[in-house]
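In what follows, every heavy atom counts, from backbone to side chain, and hydrogens, waters and symmetry copies are set aside. Residue indices begin at 1 and follow the sequence shown.
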Amino acid sequence: MHTTKTTGSLQSLEARIAQVLEHRYGDGLVYLPKEWPGQLLSLAQQFGFIDAEGYLTRKGRALLARYYFA
């Protein structure tokens, strides 16, 4: 069964996204260091961790709390 591998991959992706979300201004706007792949920011938006304008969402704050980056 591939559930464990898929779950591990999803957790790894969420951990990377949480690292991206850690790069935010005090008002919640997320920015990406230029050496990081832009796909991570796109995925964060696609999964609802940041909104269309680039601000951290409630779901994003919950992800940060889960990975202890908050």
- [ ] Treat each ILVMFWY residue as a node, draw an edge where side-chain heavy atoms are under 4.5 Å apart, and state whether Leu29 and Leu21 are in one component.
- [x]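 No, it is not one cluster - the side chains of Leu29 and Leu21 are not joined through contacts under 4.5 Å.
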
Name each donor-acceptor pair under 3.5 Å that joins a side chain in residues 38-55 to protein atoms two or more places apart or in another chain, with its distance.
unit_1: Gln45; atom_1: NE2; unit_2: Asp51; atom_2: O; d: 3.4
unit_1: Gln45; atom_1: NE2; unit_2: Ala52; atom_2: O; d: 3.4
unit_1: Asp51; atom_1: OD1; unit_2: Glu53; atom_2: N; d: 3.0
unit_1: Asp51; atom_1: OD1; unit_2: Gly54; atom_2: N; d: 3.0
unit_1: Asp51; atom_1: OD1; unit_2: Tyr55; atom_2: N; d: 2.9

Open item on the list: For residues 11-21, which residue pairs pass the salt bridge (Lys or Arg N to Asp or Glu O under 4.0 Å) check, not counting sequence neighbours?
Closed with: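 Residue pairs with at least one partner in residues 11-21: Glu14-Arg66.
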
Open item on the list: Suppose we screen for ring-ring contact (aromatic ring centres under 6.0 Å, His included). Which residues come up paired with Tyr25, at least two apart in sequence or across chains?
Closed with: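 Once residues adjacent in sequence are excluded, the partners of Tyr25 under the ring-ring contact (aromatic ring centres under 6.0 Å, His included) criterion are Tyr31.
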
Task: Leu32 side, atom CG; Arg24 side, atom CZ - distance, nearest 0.5 Å - done: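 Result: 14.5 Å between the selected atoms.
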
